[in-house]
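First the structure, in the form of structure tokens, and then the observations on it.
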Amino acid sequence: LEAFVEAAFAAVDLDWHDHVKSDPRLHRPADLRVSRADPSRAADAIGWSAKTLMPDVVKRMIEAERERLAVKGG
């Protein structure tokens, strides 16, 4: 999640540390420090493989939201 947040803020030229607060008391004890998946099962089962890296997905999301706001006049 931290990498996603970092990429989202970087896409709008902001440092996420300046805008996000985290309260350790609210962290669940079972939360993983690092979470990674192995997409090879999806590739084997349905022939799917990712074509876009997460930072690029975040950039696309930011661009889409900016376009949406521009259309709405926001």
Side-chain angles (χ1 to χ4, degrees):
L1 180 59
E2 185 175 306
F4 181 88
V5 170
E6 182 178 6
F9 277 85
V12 292
D13 297 320
L14 295 173
D15 181 345
W16 72 273
H17 292 97
D18 296 335
H19 302 277
V20 177
K21 294 180 184 178
S22 177
D23 185 342
R25 296 174 301 160
L26 301 176
H27 295 188
R28 294 177 296 181
D31 280 351
L32 300 172
R33 290 260 183 232
V34 176
S35 178
R36 292 188 177 90
D38 178 3
S40 65
R41 290 181 61 194
D44 293 343
I46 60 174
W48 178 88
S49 63
K51 305 283 188 262
T52 309
L53 297 176
M54 189 271 301
D56 296 322
V57 171
V58 173
K59 286 179 187 175
R60 289 180 182 184
M61 291 171 67
I62 297 293
E63 290 168 3
E65 184 65 8
R66 283 180 166 164
E67 289 175 14
R68 185 186 73 80
L69 290 172
V71 168
K72 287 180 90 173

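Values reported hereafter were calculated over all heavy atoms of this structure, with side chains retained and with hydrogens, waters and symmetry mates removed.
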Between Glu65 and Arg68, is the salt bridge (charged side-chain N to carboxylate O under 4.0 Å, His left out) condition met? List the steps. CA-CA 5 Å; Glu65 184 65 8; Arg68 185 186 73 80; 2.5 Å; yes
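- Partners of Asp23 according to the side chain to side chain contact (heavy atoms under 4.5 Å, CB included) rule, which considers only residues two or more places apart in sequence or in another chain, are Arg25, Leu26.
- Side-chain contacts under 4.5 Å among hydrophobic residues (ILVMFWY), followed directly or transitively, place Ile46 together with Trp48.
- Contacts classified as salt bridge (Lys or Arg N to Asp or Glu O under 4.0 Å) and involving residues 38-62 (residues at least two apart or in different chains) are not found.
- Checked against side-chain hydrogen bond (donor to acceptor under 3.5 Å, both in side chains), Glu2 has no partners two or more places apart in sequence or in another chain.
- Applying the salt bridge (Lys or Arg N to Asp or Glu O under 4.0 Å) rule to pairs touching residues 8-19 yields nothing, sequence neighbours excluded.
- Counting side-chain heavy-atom gaps under 4.5 Å among Ile, Leu, Val, Met, Phe, Trp and Tyr, the cluster of Phe4 also holds Leu1, Val5, Phe9, Val12, Leu14, Trp16, Val20, Met54, Val57, Val58, Met61, Ile62.
- Contact detail for Pro55 and Ala7: the closest heavy-atom pair is CA-CB, 4.3 Å.
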